[in-house]
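Notes follow the structure.
Residues: numbered from 1 along the sequence shown. Note that the coordinates shown come from a computational prediction; the quantities given were computed from them, not determined experimentally.
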Amino acid sequence: MDEMPGMIRPDLQALPQVKDRMTFLYLEHCTLGRQDGAITVTDEKGIVQIPAAGISVLLLGPGTRVTHRAMELMGDTGVGAVWVGEHGVRYYAHGRPLTTHSQLLLRQAELVSNTRKHLDVVRRMYQLRFPDEDISRLTMQQLRGREGSRVRQVYRKASKDTGVPWSGRLYRPEDFASGDAVNQALSAGHACLYGLAHAVIVALGCAPGLGFVHVGHECSFVYDIADLYKAEVTIPIAFEVAAQAPDDLPAVVRRRVRDAMVEHHILERMVHDIRYLLLNADEREQEPEAVYLWDNKVGTVANGINYFEEEGDETS
């Protein structure tokens with residue numbers, strides 16, 4: 001790899017290949033350019049080159065600028081681009097999907113359109129929630145009743161653990177401030193999950209509007225996927241933050257949910273779960289490993305690869 005003036009030489013020998021992994025890299029407050037077959041990332045720490053063949057999807061956060069030459073390389077090598085909020089907590093837009101084929105999209109459309117197959121996917125979704133129960137014969141109405149009971153139990157437990165009163169999910173999307181503290185916290189936290197789910201769905205080439213439990217909305221599938229993780233991530237955090245009553249409650253919730261999504265590997269699990277829901281067992285055997293390389297500010301989490309070393313440090 002040719003060096004550029006002022007370049008910090010990172011260790012890229014462990015960078016995964018697309019055929020083995022789906023690699024998501026989050027970047028913020030930097031400029032993306034091109035040097036031969038590499039994407040260059042420039043920020044206040046210097047310049048680094050990332051081989052385009054080693055990245056599947058770039059999640060472009062606040063303060064990111066992308067040159068035409070960088071987009072040209074990403075288009076030629078099949079690197080997906082998704083414009084997101086801080087650490088993926090908002091979805092804004094996307095370029096091409098990560099996949100060069102439409103397998104998941106075609107299967108999603110097939111499953112949505114067939115009543116029996118549609119119900120099979122719903123059962124898979126609920127099986128993820130109730131792994132120890134046999135729900136193979138439950139109807140859609142019975143599944144919804146089971147999920148409603150489960151969510152009520154989660155709310156009651158969170159209320160008891162934190163001492164925050166709970167009288168139900170009361171909120172108006174057009175008037176965020178009208179809800180009480182815990183409902184505001186829930187709305188802020190769920191929005192973070194929706195943002196990440198939306199980014200993953202479009203990166204995989206699926207349709208956000210083709211849902212199974214939720215239908216008739218442009219983000220139906222986004223809500224389906226996000227619901228898989230609310231009881232684990234956003235509901236407990238919302239009650240904990242509401243109990244603390246910080247001055248800027250939504251901001252505190254967003255930071256807590258952002259960190260929890262990294263800790264619990266939610267992005268990687270979303271990739272795995274979407275494939276589980278849409279593909280059969282034989283197709284899932286070829287599932288690549290999903291790896292989330294967090295960002296150019298904090299460094300990576302899952303892999304332990306730091307693309308931006310401290311100023312003056314070099315790795316060979």
Side-chain angles (χ1 to χ4, degrees), residues 1-84 87-88 92-105 199-200 202-205 267-268 271 286-316:
M1 181 172 66
D2 296 334
E3 291 189 30
M4 298 174 61
M7 175 182 175
I8 302 169
R9 297 176 55 199
D11 181 5
L12 297 179
Q13 62 182 359
L15 196 63
Q17 298 298 307
V18 175
K19 64 181 180 181
D20 298 320
R21 295 178 177 177
M22 298 178 184
T23 309
F24 293 75
L25 179 62
Y26 172 83
L27 299 168
E28 64 178 38
H29 300 292
C30 62
T31 300
L32 275 63
R34 174 180 183 174
Q35 176 71 19
D36 299 325
I39 297 170
T40 61
V41 181
T42 305
D43 70 357
E44 74 279 2
K45 296 182 180 179
I47 304 172
V48 72
Q49 291 182 347
I50 302 174
I55 294 294
S56 304
V57 178
L58 288 176
L59 301 177
L60 305 176
T64 305
R65 295 180 293 177
V66 187
T67 66
H68 186 276
R69 289 281 288 161
M71 290 303 301
E72 180 183 53
L73 176 61
M74 293 165 64
D76 290 343
T77 55
V79 177
V82 184
W83 282 264
V84 297
H87 292 269
Y92 298 122
H94 71 280
R96 62 182 296 167
L98 130 73
T99 54
T100 56
H101 55 79
S102 55
Q103 178 192 29
L104 284 172
L105 177 60
V200 171
V202 298
L204 293 177
L267 183 147
E268 295 94 328
V271 172
Q286 285 81 46
E287 179 177 357
E289 179 187 359
V291 177
Y292 195 4
L293 306 176
W294 251 115
D295 65 74
N296 61 313
K297 300 299 177 185
V298 179
T300 62
V301 173
N303 266 37
I305 304 171
N306 190 336
Y307 291 97
F308 291 80
E309 301 294 336
E310 295 295 332
E311 186 97 32
D313 290 344
E314 291 189 354
T315 57
S316 55

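Contact between Ala199 and Val82 at its shortest, heavy atoms only, is CB-CG1, 3.8 Å. Contact record, Gly33 with Ala70: O-CB, 3.5 Å, taken as the closest heavy-atom pair. The heavy-atom pair separating His29 from Glu44 by the smallest distance is O-OE1, 4.5 Å. Nearest approach of Ala81 to Met74, heavy atoms of both residues: CB-CE, 3.5 Å.
With sequence neighbours left out, the side chain to side chain contact (heavy atoms under 4.5 Å, CB included) criterion links Arg65 to Thr31.
The shortest side-chain heavy-atom distance between Tyr26 and Val84 falls under the 4.5 Å cut-off.
Judged by distance alone, with hydrogens and angles left aside, the side-chain atoms of Thr40 form no donor-acceptor pair with the main-chain N or O of Val48 at under 3.5 Å. In this structure, Arg69 contributes its side chain and Met71 its backbone to no donor-acceptor pair below 3.5 Å.
Note: Leu105 CG to Leu204 CG = 11.0 Å, rounded to the nearest 0.5 Å. Once rounded to the nearest 0.5 Å, the distance linking OH of Tyr92 with CG of Leu60 reads 12.5 Å. Summarising the geometry, atom CG belonging to Leu27 is positioned 8.5 Å from atom CG belonging to Leu59; distances are rounded to the nearest 0.5 Å. The distance from atom NE2 of His68 to atom CG of Leu32, rounded to the nearest 0.5 Å, is 14.5 Å.
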Under the side chain to side chain contact (heavy atoms under 4.5 Å, CB included) criterion, do Leu58 and Val66 qualify, and how do the steps go? CA-CA 11 Å; Leu58 288 176; Val66 187; over 6 Å; no

